[in-house]
2 protein chains.
Amino acid sequence: MVTLAEVAQHAGVSASTVSYVLSGKRSISAGTRQRVERSIQELGYHPNAGARALASSRSNIIALMIPLRTDMYMPVMMEIAIAVATTARAHGYDVLLLTGEEGPDAVRRVTGSGLADAMIPMDVELDDERLPLLRGTDRPSVLIGLPADTTGLTCVDLDFGATGALCLEHLAKLGHRDIAVIGEAPGVYERHTGFAERTLDGLRSRSRELGVRLLHRPCEGGYDAMSVTLARIFDERPSTTGFVVQNESAVEPLLALLRQSGRAVPEDVSVVAICPDQLAMQASVRLTSVAIPAQEMGRRAVELLVAKLEGQGTDEVVLLPPELTVRASSGPAPATG
Amino acid sequence: MVTLAEVAQHAGVSASTVSYVLSGKRSISAGTRQRVERSIQELGYHPNAGARALASSRSNIIALMIPLRTDMYMPVMMEIAIAVATTARAHGYDVLLLTGEEGPDAVRRVTGSGLADAMIPMDVELDDERLPLLRGTDRPSVLIGLPADTTGLTCVDLDFGATGALCLEHLAKLGHRDIAVIGEAPGVYERHTGFAERTLDGLRSRSRELGVRLLHRPCEGGYDAMSVTLARIFDERPSTTGFVVQNESAVEPLLALLRQSGRAVPEDVSVVAICPDQLAMQASVRLTSVAIPAQEMGRRAVELLVAKLEGQGTDEVVLLPPELTVRASSGPAPATG
DNA sequence: ATAGGTTGTCGAAGCGCTTCGACTAGGAGT
DNA sequence: ACTCCTAGTCGAAGCGCTTCGACAACCTAT
């Protein structure tokens, strides 16, 4: 294992000079810099992470806390994680992967040990246990998701309120007057995950404004659950012609069951989904949808965090504006007979 | 930030004693141990990760290298990653998340800097660029996936050869004589990812033994690609009654298209999938399938790695035996008319 | 010429921990 | 009574780096 001292000796300079070449914190003459850089190359030197962390009290590591739960749609989490890792590397940081298993203790451990310089908690609940700890530490953090009280916190999320409103508007403009919302599994609402409730708020308030009737039904994924849910919806509101789906594993079942019950999409009923673009495009009917900007969320979170680590960041809530893409699953409401 | 020295002073012992209480590497009297432990509790002490890494040249971090590609099925990757993180924590290790972006340099950087004690490369290609580096370092590693040459390496993977054989056997026993294999996207085969080819080998060799005709077609996911592929298959082999699918995003399209073309599952054609159980159970027809044991793979990889780190491990290839679960998508071949 | 700045480099201290050797006390064996 | 071990503790060295203050060399403005 090559050390700084060896590089220094090889280049004929002192250790501190090599350090300054590496960090750029003091000016170094061009000649010296080149000699040092050549020595680094030739010896294949890599600074020792532990020593660096100890001396500088910066680990250059960001902790990403992902949920353990499997009822959250995994591909979105994965996409965010990859975007976080990639963006972090671009800024010279590595990413530590923490699962929800440890709970709030993970925050204590990581900040206490100096393992990570900063944190990105995902899957934030409205009244998350980690919030007091995050507020009480000097390590910066950026949440992905929105808790109830954001004072003193920096958050990134899709603007789910606007998303709900946007979906409803789209269907209302097409003439739909009875709209059903297929939501996430009941557990998601019980846990008070912010995004599900905020979507609903957006849908509801806009529906009131536009005089549209709304029926909300949480739904577990899969065919059986969807079948029951759908039957109930048509039972209760036979005039339903519009659907907003916010549950990835209910999308395909919904389409299949509509088909099966003789309702054509988009001729008889329209469907708007809130889901990753890939899923919207691979579904059996190309879905009009609002995309979950997973990559964007991961990227922005890291950028905000890096700004904070460099002392220029400030607490703010970044809500990404939703974008609705019209595809083949939505069309004018059928003429009322 | 509380330090070892402060704990020592608080407990009225020397720093080294506290260190030995923490590591258990020397015997400590019960009284002293308790006093030290109480001080640790009261002061809320967490050992500094950098200092520890520097002094012991062990970071207690495992690097997990995940692929950037999006054509691999994300949920499986995610499930593995979570299992790795959870198991690692149970053994006192943290997990560093590395993406494929850096390529082989990531291996150099991590080993060179002592950032991680060991590595788990995922999505291993048959002739992976990282292999020489892994063989040439003294940091242990466990691959998830199987390269062409495994000498000097430890690997964990599903036994895809046996998986192929098992699928074929199941359909053959049911009387199917013409079987089509819907494979991964062509890119996966071009990249020489081991698992796809090994599955095919297993299918082919068993088909020869059992006198079954096999037709293999790679397929991009989604409805359009599947539609074209399916038409070609029935065109070339109208007598096809059995399908083996190894492509998560082709599963639902296949079922829909079969339905659409008037073929009932399992009455007219049988389908066996190689995919995560969740997907098999949520599909529009509950699929007879061989599960991808993602959690098991992640867990085993970490356990092998920890054994190696403790000096008791040995190079070996662990192939998890496939398990076929019969569900509603496979049945006796229709009587030939 | 002289005071005052720059610029480039070095030496040394110290980050918080692990670990080795040394030391003390008490118990076992003779 | 005397040696020999073992268990329990301590002091000090050192892991590889960053960073501060010092200093020499040179430039610039008086």
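Labels below follow one simple rule: chain letters A, B, ... track the order of the sequence lines, proteins then strands, and each chain is numbered from 1.
- Screening B:V107, B:L96, B:T99, B:I120 for a side chain to side chain contact (heavy atoms under 4.5 Å, CB included) with B:M65, the sole residue that qualifies is B:V107.
- In the interface, the side chain of A:R52 is not paired with the base of D:dT18 through any donor and acceptor atom under 3.5 Å apart.
- Screening B:D117, B:D94, B:V95 against B:I61 for a side chain to side chain contact (heavy atoms under 4.5 Å, CB included) leaves a single residue, B:D94.
- Rounded to whole angstrom, the span from the CE atom of B:M1 across to the C1' atom of C:dC15 amounts to 12 Å.
- Closest to the A:T32 side chain, of the nucleotides D:dG16, C:dG16, C:dG8, is C:dG8.
- One interatomic measurement links the two molecules: CG of A:N48 to P of D:dT18, which rounds to 10 Å at whole-angstrom precision.
- At least one donor-acceptor pair closer than 3.5 Å links the side chain of A:S59 to the backbone N or O of A:L115.
- Residue B:S27 is in base contact, counting any heavy-atom pair closer than 4.0 Å across all strands shown.
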**Asked** Should A:S39 and A:H10 be marked as a side chain to side chain donor-acceptor pair (under 3.5 Å) after you check the CA-CA gap, both sets of side-chain angles, and the distance that decides it?
**Response** CA-CA 6 Å; A:S39 296; A:H10 186 272; 2.7 Å; yes
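- Atom NZ in B:K25 sits about 18 Å away from atom C1' in D:dC10, given to the nearest Å.
- Side-chain contact between B:P147 and B:C155 is present, with heavy atoms from C-beta onward closer than 4.5 Å.
- Counting only N and O atoms by type, the side chains of A:S19 and A:S16 include no donor and acceptor under 3.5 Å apart.
- Here B:F160 pairs with B:F195 under the ring pair (Phe, Tyr, Trp, His ring centres under 6.0 Å) rule; sequence neighbours left out.
- The side chain of A:T3 contributes no N or O atom lying less than 4.0 Å from OP1 or OP2 of D:dC15.
- The distance between atom CD1 of A:I28 and atom C1' of C:dT6, rounded to the nearest whole Å, is 15 Å.
- Although no hydrogens or angles enter the test, the distance criterion places no donor-acceptor pair under 3.5 Å between the side chain of A:T137 and the main chain of A:L134.
- One N or O on the side chain of B:R139 and one on the backbone of B:A116 form a donor-acceptor pair closer than 3.5 Å.
- Atom CG in B:L54 sits roughly 11 Å away from atom P in C:dT18 (whole-Å rounding).
- Of the two residues contacting DNA chain D, namely B:A30 and B:S56, the nearest-nucleotide position lying further toward the 5' end is that of B:A30.
- Listed by residue number, B:S16, B:S19, B:Y20 are the residues of residues 8-24 of chain B with a heavy-atom contact under 4.0 Å to DNA chain C.
- D:dG16 atom C1' lies 14 Å from atom CG of B:L115, rounded to whole Å.
- Closest contact between the side chain of B:L4 and the listed nucleotides D:dG16, D:dA7, C:dT18 involves C:dT18.
- Remark: the A:R26 side chain and the D:dG21 base include a donor-acceptor N/O pair separated by less than 3.5 Å.
- Listed in residue order, the members of residues 105-114 of chain A having a heavy atom less than 4.0 Å from DNA chain D come to none.
- Summarising the geometry, the separation between CG on A:N60 and P on D:dC17 is reported as 14 Å, rounded to the nearest angstrom.
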